[in-house]
Structures are given as structure tokens and as C-alpha cells.
Colleague: 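Encoded as C-alpha cells, here's the structure I'll be asking about.
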Amino acid sequence: MAREIAKAYDPQQIEPRWAEYWVKEELFKADPAAQTGGKVFSIVIPPPNVTGSLHIGHMLEHTEIDVLTRWHRMRGYNTLYLPGTDHAGISTQRVVVRQLADQGVDYHRLGREEFLKHAWRWKEENGGMITAQMRQIGESCDWSREKFTLSREMSRVVREAFVRLYEEGFIYRDKRMVNWCPVCLTVLSDLEVKHEERQGHLWHIKYPIAATKEFLVVATTRPETMLGDTAVAVHPADERYKHLIGKKVALPLTTREIPVIADEMVDREFGTGAVKITPAHDPNDFEVGRRHGLAEIDVMTDDGRMNAAAGAYAGMDRFAARKKIVEDLQAQGLLEKVSDHTLSISLCERSKTIVEPRASTQWFCKMKPLAEPAIAAVERGDIQIIPENRREEYFNWMRNIRDWTLSRQLWWGHQIPAWHCANCKEITVAREAPQKCAKCGSAKLIQDQDVLDTWFSSGLWPFSTLGWPDKTADLKTYYPTSLLITGYDILFFWVARMIMLGMHFTGEVPFRVVYLHSLVRTASGEKMSKSKGTGLDPVALNQQYGTDAMRFCLASMAAPGTDIVLSDDRLLGARSFANKIWNAARFLFMNLDKFEEGGTRLEELASPESRAKAPYATASGVPLIDEWLFARLAVTIESVNAALENYRFHEAAQNVYQFFWGDFCDWYIEWVKPELLSAERGRAVVAWKNLFAAFDAALRLLHPFMPFLTEELWHQLPQRAGAKSIALAEFPEARAEWKKSAALEQFALIQELVGSVRIIRAEMKLDPKKRVAAEFSVPDAAARKFIETNRDGVLRLALLSELKLSPERQPQAGGAVRSTAQFDVRIEYQEIIDAGAEVARIRKEIERINKDIASKERQLGDETFRSRAPEKIIRGMEITLAERRVELEKLAERLGQLEKSA
RNA sequence: GGGCGACUAGCUCAGCUGGUUAGAGCGCUCGCCUCACACGCGAGAGGUCAAAGGUUCAAGUCCUUUGUCGCCCACCA
């Protein structure tokens, strides 16, 4: 029965149906009992960045993940998603903090419990939204697992990991220089600090030398920190200052006197060669201070204002204080000069405020010993990093790794499992809250208020989600996982730490392959970001183009190594492709009744046994066109598989596109149309069977890329009883009996035949409806034979009224002629063609061929080339050369005729 | 200061381990509303592969230098 489907593909009508269906039917639920012959594909999924909604970057990532997962699933793997961890903890907090601020609530005063209530509520609401959006874009993963993240179970895992690392001596507590954000009121890891070049000043300040009228001039970019100076350092070998070492200088604006010390770290060339030392506010100075036993005077408050130690400046904002101090110094004549200076400032990645280096007591993790095995694993190839060039980046960072600042002064996150004794200050690190202090027995224990960097728990994800520290069946089956896909921007934040922690705790790598995808950028090349307002909204694009189009577009642009700039053009192209598929299906559906009248049940054809029978033969064998199409299909399947195996999504997409549009639609459907409607029943049925088989295979081939569209069409086609989803159908196999290279060559010649007539028609500006007679001269007898068998198709596609075949080289003049090495075609037509243009064209062509011939003759005549080049290249070149010569000869002949008749 | 990447048709980009006439999509030109599709069909124009050297029988592809743009890392006051 003929089926009506809409005239154009409307994603808004189709797509919403399926996302929920997939999840409801639990199509993507891992099945450890599945008989997969040990074929397991487990994939670690990065978290959606829960700052409100998805952005287009997620689309790329999840398209890649989903393509690979569906592809594996269709090929009989037991597949498992490990949904990404909540690294969004901090961004969640940021959003909630902002919202609270809008309501006039101070986050820091709120307290942990109260704040978490707000944060959880927000996360419930928005987490649900994210899940819905993920569904909408075709992600079939069950995001409810994400709730695991901050659950009690996860806390247990995090504590376990923390305590173990502590007991093994990796985690320690220390006072040292850290990056402090005065707005977020927390310490930041090095990775959370961004650097920026800014135009600043270098203030030269005169420090009076005690008991003299002299001054020692120091240069600084941050005058406000001078209030915390506890020394001035010079280079020990600096002749200018040697005599001052050990002397004292008066610290201006204060009553303190500070020593002049000698330290190698001073660069004699920079500034004045004398450096003020502020151990509490500068990393270098901190080191120097420790070496020389200097006091560490912190002159600032947590929120970046001057504290009591700053004397008269107490209470002022650090930048206001800077201004005032400079003014005061000037007033006292202690400011020698101010010069311009370009400096690199440190900014908090989130609040964009200038980070204040501060000495502070924090929790740290020793990284060197964790990094070593992680480096070795990548060196050995136990973990493969793709693309290759990121390996170096990984090594570079890992070899220069520094200890990791674990603690954060936030309410949101996993609280550090350490308890401080109110009595004796002893710290107890434990899995569960201890009853009393191990040292003094006091019961007055207070848990450390700090939380762990979210990347700590994220780093445990590949095994914590599988049940670690217990030895679970999941862990055994799915760990090490097969693959991690993520953006290269979190290689260090997340990937490196998962490798280090994974190897440390499980003794095995957490994943075999790390595929680092590109970042999607805006037209102006910026990284897409919500906060900058440069992100494309996937939901809006969804409305505009459809998810399948978006997915296909992203996949086709996902060449590894370079970033992606998304454009409307590409999206439109992908939408057109979706529409093309839809319409090809529409063509099938409109004529289904004719097929079914033939007595074959379509649903029978959809069985694997029937699929093996394609292509079907008529009484006279399998038609060339069908052999050709299935040969092309086999080639396409093979290249798609190869491409996906190597994460070359763009190649896979391109191959599918080319096959479906170029081969299936443009040639196959056009060619078999009349056969489908043929009065000859048997022939029509065979044509339909093959068309159906090919289309069915093409749909399955396309499914990983365009899940919605293919699911819809697959359901529209009759399927066997109990068939649930195309996602569970087999991915097409490149069957050995499909690979007919002869058919590929033969049909290629026919395509050329048709093409050459079309060229002539276009050049002569023939009325498209006007059929003309063509004369082909084909010296090769075998070729003449298969052209003869396929005469009808050529007649139709080339719009010919008549087709003459001769074995002779075409001698006659007149009409329009086109030649290749294999054949000539001549079209007789009374209207005179533009002889001048034709002559010009031929001359140009001759020139090109001449060049080519000359270059090949030169190479083939070269003994070194002949002795060194592979046989295949030489043979190929000889054949091509022979063909070129024939072409040249024909062109010259034709040119002669034209010139004679002119 | 280190490290990495990009530079190929008007535009956006492919081109994996060097190998016969460098590709695609969009745009443009010409002709078509041909009963699946104008989100379409057929044809065409358009490139000294950023520059200069080098290695090689052979270079868009490997090496060196230069230029332009971008990114990442780095505690120089």
C-alpha cells in the first residue's frame, strides 16, 4: 500500500518522538550478560557544563560519542556510558552565588547547609533541563546517573581515595604561596589562573639607608605590598650594593627597619638590581624569606583590602591603597621615578579579578610520583592520545608537574575528610568522623571546612562509577574503559588526573584511548562561551535545522587537530542532505504498493538471512547497476568503518554523503526508475527488492550520524515483528560477494558515456526536452557488449533518441564530438555549434594534455625514476600516458577538421 | 621566555603513512519547476597549495628559515 509522507523532512515533527523512546526502551542500557564474544565498548563521557544550558561545543562532543556508541552497539558490542562527573560544582556554585547576590544574599554568610539547599534546588531544576536537552540532541545516555556525583556513595569513594593518598604520604598540609581570589574568596590551582599581558608601571622607590643620607632604590610593580616588606635583596656579587649587605634600611611609610640581604635569585639587570622582599605576597619572595628566616607579614584581608598590618592604610582596597601609597611616597620625595612596564598579570579564570599571591595553609597532593607511571603508560602506548601532537603537550606538562592544591574555600563540593581537634590542634584524617582526637582524646572535633577541588572527584570517575573500591563485576567487565572523548582544553584538568589517580588506585590505565576533539569556535574565532555571549544555542539551531542536520554537520567538520568554525552554510548543506534522504524514502513509499502487489513481503526482506541474498538477480543475472551499487556500498562501508576506527568522523560522514547522494540518489534511483514501473513483473520485483535492500543498508549505515531521521524511516518501512529500533539493527557489512571491481569499472565507463553526452548537450544549449541521436565508437568489444545491455539506461539519462554503437574510431566530421581514450561520442544536430569556442576549448585541452604527456615522458625516460619508483606507480603512469596520447591524437584530428571546415 | 597549531578555489574547510590530471560544500556562471526532492537536476568557470631555500627519481605532504594569525604553558620584582 502506498504510504504518504510529508513533502519535506520536518525535524520538529519527527525528532521529539524518538529521544524519549530510546531512553524508555532502555536501548542503551549496558548488558553485562550480553553475548558479545567479549566485545566491550565503555566510554567515559565528559560532563555537560551545568551553567544553565548546553552550548554547541557539547553538540560536537556528544555527536562524536553518540556516533561511536551507536556504531559499536550495531556491531554487537556490549556498550556502556560512564556519564561525566560533576566538574560543574564550581560553576554551579558561581551561578547560585550570582543569583543569591541578586537577591541581596551574601553567599559567604549563608553557611554550608543553607547554601547547599539553594545549590541543590538549582541543580535539580537545571540538571533536569540539561537531561532534556541532551535527549533532544540525540544523546541516549541516562543522565540520571549523574546524581551519583555528590551523593553519599560518591562521598564515600572520595573519602576513601583521599584517606589512602594521605596515609601513603601523597597528601599533606602546608603553608605556602597560593593563588588567592579576593572575589571568590578561595584559593585557586595554577590551572585556574589565566595570564594576561597588561601595560603597567614600575615604581622606583627610595628606601633610606639607616644612619646615612643615602637611599637604596627598589623597583616594584605592586607598591602596596611594600608594607609587608621584611628585607631588600641584592645579588651577592653586585658591586654596586656589596657594601650594603647586612645593613638596614628604613621601610618608608612605616616605622620598621629591614635588613639588606644577598640572594642569588636577584637579576642584576632588572630594575635597579635591588628587590624589595615581601614573603607573604610574592612566590619568589616567599622562597627568599624561607631561606633567610624572614617574617611573613600579610597586609591584606581575604577580600583584597589592606588589614591592620598596613597601619594607616588598613581598610582600603588594595588598588586604592596602591594609589595612596604612591601619592604619599611622592609627597615624601621617596618616589624616584615611574616607568612604563609591560607585565603579565594573573587573573582568576572565573571572576576575572587580579589574583593575589598569598601565603596560606592548604592541602596539597604530591604529583611527581603519581605522574611518573602516568607518563610511562602513554610512552608505552597503553594509553593512546589522539591526535598525536597532544601527546607532547601531555608529556611536557606531566614532566614539569607541580604539587596540586587540593583544598578550596567553598561550600559546594566534597568536604575534606579531616578533623581538627579544638583542644590540641591535632588533625585526624579518616574515612568516617572520629569520635575523639587520637592524640589528646578530646571529643571536640571540627571537620575541616574546606572542600576538595572538583577535579579530585572527577579524577576518580572511570572507576568510582563502576563500584570501586569494591571489586565489582562492572569494574571487571568495563574497566579499563575503551575510550575517553573530551576537549583538549581539559587535558590537564581532568584527563591527566584521571590517568594518575586511575593508575594509582587500580593499577591499570583508566582508558585505552583518549580522543581529544576540536573546539567549536565562533565565526570570529573565539572559543564559544556562554559568559561571553558567543555561544551558539544548540536548541535554537535545533529548531532551525534539526538535530540530525546539526549532528551530521559537526561530524563532517570534525577533522582532528584544528578547531571548528561553524557556519550557516554547512548547516544548511547538512539540512539539505537530511531532506534528500527523506525524499529518496518518499519515492520508495509512494510506490510501495507496486512492490507489494508483486507478492513479496517487505518485512521478510529485513531479516539478516534475506539481506545476505542481495543483490537479487533477474532471469538474465544481476543487472550491472545493482552489482555496481552494492560494490559501491561495500566500499563505502569499509571506508566508514576504517574512518570511525581512527576517529576520523569527517571522512566517515563524507563517505556516507557521497554514497547516498551521489551513488544511490543520482545514479541508482534515476537508473532503476523505469524498471520499477516496468510492466514486466519479475523484473520490477527484482528492482524493488534491490532498491529496498540497498536503501535499508544505507539507512543502517547512516544511523549513527542521523539517528532520528533514520529511526523514523526505518519504522515507516515494514519491519519484522518485534523489531524495536534501527539502533539495535546490524550495521551493514561489506560482504565479500558485493565487491565486484569489474562492475565498478564498467559502470564508471557508462557514467562517462552519459557525462560526455550531457557536456555536449550543455555546450550546445540543447533544449532539455529535446532528445538527440548519439553515435558512440568504442573499439573495445567487451565494453560494447555491456553498453549494449545497458542501452536503456544510457538512452534515458543522456536523453537520447537513438544510440549507435560502432567499433570504429569516429571518422566523420560534423556534429558535436567528445572524446576520451576509450570512446568517442558524436551528436548530429542541425544547429551549428559555436566553432570558435570549440576550437578554443580544444586548444586549451591540447595544451594541458601536452604538458601532462611531456612531464610523464620525462619521468618515464628517467632511469633513476624507473629503478627507484614502485612498479605500481610506473605501470599506472605508462597506462595513463598511453591514454593521454590517444586523447591528444583525437583532439588534434578534431581540431584539424574544425579548422578545415572554417 | 618556552611549546603547539593554522596559512590549499571568492568563502568555510578536506587532503592519513610523500607517488599518476589537488578535492568537497557554499557562492558564482549557463541551462532546466524532468510525475522523490528548487533544501532539487544537469553542466561550467575558478588554485604558481603564504614566501624562499633544501632533501628525494618524485613534495600541498618531509627538513630549514621568514612572514602573518591564533592558542596553550611559564612565580622574573
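The chains referred to below are lettered A, B, ... by the order of the sequence lines, with proteins before strands, and numbering in each begins at 1. Quick caveat, the model's predicted, so the values are computed rather than measured.
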Colleague: Would you classify A/Pro357 as touching base, sugar-phosphate or nothing, given that sugar-phosphate means primed atoms plus P, OP1 and OP2, and contacts are heavy atoms under 4.0 Å?
Modeller: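 Nothing, no nucleic acid heavy atom in range.
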Colleague: For A/Ser576 and B/G40, is the shortest distance between a side-chain N/O and OP1 or OP2 below 4.0 Å?
Modeller: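 Yes, within the criterion.
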Colleague: Base, sugar-phosphate alone, or nothing: which one does A/Lys769 contact when heavy atoms must sit under 4.0 Å apart?
Modeller: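 The answer is sugar-phosphate, as A/Lys769 gets under 4.0 Å only of primed atoms, P, OP1 or OP2.
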Colleague: Suppose you measure atom P in B/G46 against the same atom in B/C30; what distance do you get, rounded to whole Å?
Modeller: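 To the nearest whole Å, 16 Å.
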Colleague: Which value, in whole Å, describes the distance between the P atoms of nucleotides B/A52 and B/G15?
Modeller: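 Their P atoms lie roughly 24 Å apart.
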Colleague: Applying a 4.0 Å non-hydrogen cut-off, can you work out what A/Lys7 is touching in the nucleic acid: base, sugar-phosphate, or nothing?
Modeller: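 Sugar-phosphate contact only - A/Lys7 comes under 4.0 Å of backbone atoms but never of a base.
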Colleague: Would you classify A/Asn646 as touching base, sugar-phosphate or nothing, given that sugar-phosphate means primed atoms plus P, OP1 and OP2, and contacts are heavy atoms under 4.0 Å?
Modeller: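 No contact.
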Colleague: Give me the distance, rounded to whole Å, that separates B/C28 from B/A45 when you measure between the C1' atoms they each carry.
Modeller: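 To the nearest whole Å, 9 Å.
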Colleague: Indicate, with a heavy-atom threshold strictly under 4.0 Å, whether A/Glu670 touches base, sugar-phosphate, or nothing.
Modeller: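 Base: the residue A/Glu670, judged by heavy atoms under 4.0 Å, touches a nucleobase.
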Colleague: Should the ring pair A/Tyr9 and A/Trp582 be called parallel, tilted or perpendicular, given that the plane angle runs from 0 to 90° and is split at 30 and 60?
Modeller: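 Judged by the thresholds at 30° and 60°, the geometry between A/Tyr9 and A/Trp582 is tilted.
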Colleague: Each nucleotide in nucleotides 1-10 of chain B should get exactly one letter: B, S or -. Can you fill that in based on protein heavy atoms under 4.0 Å?
Modeller: ---SSS----
Colleague: With a non-hydrogen cut-off below 4.0 angstrom, is A/Trp203 in contact with a base, only sugar-phosphate, or nothing?
Modeller: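 No contact at all - A/Trp203 keeps every heavy atom at 4.0 Å or more from the nucleic acid.
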Colleague: Scan A/Arg402 against the nucleic acid and name what it touches under 4.0 Å (heavy atoms): base, sugar-phosphate only, or nothing.
Modeller: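 Base, at least one base heavy atom under 4.0 Å.
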Colleague: Considering every strand and a 4.0 Å limit on heavy-atom distances, what is the contact class for A/Arg648: base, sugar-phosphate, or nothing?
Modeller: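 Sugar-phosphate, backbone atoms only, no base.
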Colleague: Pick base, sugar-phosphate or nothing for A/Asp569, based on heavy-atom distances below 4.0 Å to the nucleic acid.
Modeller: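 Contact class for A/Asp569: sugar-phosphate only.
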Colleague: With rounding to the nearest 0.5 Å, note down the distance linking NE2 in A/His204 to CG in A/Leu329.
Modeller: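 It comes to 13.5 Å.
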Colleague: On a whole-Å scale, what distance lies between the P atoms belonging to B/U8 and B/C69?
Modeller: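 Result for the P pair: 15 Å, nearest Å.
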Colleague: What does A/Arg758 touch in the nucleic acid at a heavy-atom separation under 4.0 angstrom: a base, only the sugar-phosphate, or nothing?
Modeller: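 Sugar-phosphate, no base atom in range.
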Colleague: Compute both the distance and the angle, then confirm whether A/Lys580 meets the cation-pi test with A/Phe664: under 6.0 Å from the six-membered ring centre, within 45 degrees of the axis.
Modeller: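 No.
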Colleague: Looking across every strand, which nucleic acid part, if any, lies under 4.0 Å from A/Thr220 by heavy atom: base, sugar-phosphate, or nothing?
Modeller: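 The answer is sugar-phosphate, as A/Thr220 gets under 4.0 Å only of primed atoms, P, OP1 or OP2.
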Colleague: What is the ring orientation for A/Phe660 with A/Phe577, classed by angle as parallel under 30°, tilted 30 to 60°, or perpendicular over 60°?
Modeller: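 Geometry flag for A/Phe577 against A/Phe660: perpendicular rings.
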Colleague: Verify the contact: side-chain N or O of A/Lys673 to OP1 or OP2 of B/C41, cut-off strictly under 4.0 Å; return yes or no.
Modeller: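 False: A/Lys673 side-chain N/O out of range (4.0 Å or more) of B/C41 OP1/OP2.
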Colleague: Strictly below 4.0 Å, heavy-atom distances to any atom of RNA chain B: list the hits from residues 853-863 of chain A, or just say none.
Modeller: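 Those residues whose heavy atoms fall under 4.0 Å from RNA chain B, taken from residues 853-863 of chain A in numerical order, are A/Lys856, A/Asp862.
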Colleague: With a 4.0 Å cutoff (strictly under), does any side-chain N or O of A/Trp667 reach OP1 or OP2 of B/C41?
Modeller: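 No, outside the criterion.
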